[in-house]
Amino acid sequence: MNRRPYGALIAAVFTLLLLLFLYSVMEVLLLLFIAILFSVYLSAFTDGLLRRCGIPRPLGLGVAFLLTGVAVAGLLLLMVPPVLQQTQELLDALPAQTALWEQKLLELTARNSFLAQLFGQLGEGESYIGSAIGQIGSYFRGAVPYLINGVQFTIHFISVLVMGIYLALRPSLYREGFVQLLTPVPRELARDILADLGRTLRAWSGGQLLAMFALGLFTWAGLVLLRVPYALAFGVFT
């Protein structure tokens with residue numbers, strides 16, 4: 001009796017089930033990957049402190065996390081004030097600007113019958129800008145999904161921070177825990193592969209930081225030469 005068709009069918013079913021499982025846990029795997037990248041960054045920072053200062057690893061990790069938080073807070077303080085100021089300027093200029101837009105639309109619809117049919121006839125007390133704002137407001141009435149997404153983002157952000165800190169605190173413990181899931185024969189090969197992956201991710205992260213710094217520096221310099229306001233904030237944002 002030929003059992004190959006049954007074997008192929010069973011393999012196809014198991015492959016399909018594996019793909020469905022990976023699809024269902026894709027979000028968790030993505031969060032784990034981001035946490036691993038964060039832990040690689042923290043580990044590189046911590047290892048540098050350990051080599052230069054000889055402090056315990058928990059203390060070095062705390063210093064690395066604290067300095068990272070200070071740097072992120074400094075960047076936010078650099079970018080948020082210009083954004084708030086320009087937003088306030090936009091809100092102050094918005095009434096006059098909307099009146100100008102309304103006048104232009106009325107002139108266009110008066111000269112062009114196609115645009116008049118496209119925008120529709122206005123009733124008494126109505127305006128094109130007011131109708132557009134009302135339509136935009138209708139999209140934001142169901143604010144519950146946006147609030148739920150905000151809560152999910154907060155949970156994911158905290159999860160990444162916690163996982164990254166734990167992975168950076170004892171990387172060998174979690175590496176060996178993963179290796180123990182394998183059979184004894186390929187464990188040494190798995191250790192070598194994980195070590196290579198760690199070095200590659202660390203080098204990739206350093207390259208990304210270097211590229212980001214160079215891009216921000218050249219953007220800031222170019223905007224300064226063009227005399228664009230808030231050049232430093234735009235460079236940091238870039």
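We're numbering straight along the sequence, starting at 1. What you are looking at is a predicted structure, and each value in this text was computed from that prediction instead of being measured.
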Hydrophobic clusters here meaning ILVMFWY residues chained together by side-chain heavy-atom distances under 4.5 Å, can you tell me if [X] and [Y] are in one?
X    : Y    : result
F21  : V28  : no
L75  : L215 : no
I193 : F178 : yes
L197 : V179 : yes
L181 : L194 : yes

* Rounded to the nearest 0.5 Å, what separation is found between the CG atom of L19 and the CZ atom of F14? ->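 CZ of F14 is found 13.5 Å from CG of L19.
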* Between atom CZ of F218 and atom CG of L223, what is the distance when rounded to the nearest 0.5 Å? ->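 F218 atom CZ to L223 atom CG measures 13.5 Å (nearest 0.5 Å).
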* Within 6.0 Å of CD in E176, more than 12 heavy atoms from elsewhere ->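 Buried by this count: over 12 neighbours within 6.0 Å.
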Distance-only donor-acceptor pairs under 3.5 Å for side chains of residues 30-53, two or more places apart:
residue, atom, partner, partner atom, Å
S39, OG, A35, O, 3.4
S39, OG, I36, O, 2.7
Y41, OH, T68, OG1, 2.7
S43, OG, S39, O, 2.8
T46, OG1, L42, O, 2.7
D47, OD1, R57, NH1, 2.8
D47, OD2, R202, NH2, 3.2
R52, NH1, G48, O, 3.4

* For V13, side-chain contact (heavy atoms from CB on, under 4.5 Å) partners two or more places apart ->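 Only L9, L17 meet the side-chain contact (heavy atoms from CB on, under 4.5 Å) criterion with V13.
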Would you be so kind as to tabulate the donor-acceptor pairs closer than 3.5 Å made by side chains of residues 160-175, with sequence neighbours excluded?
none

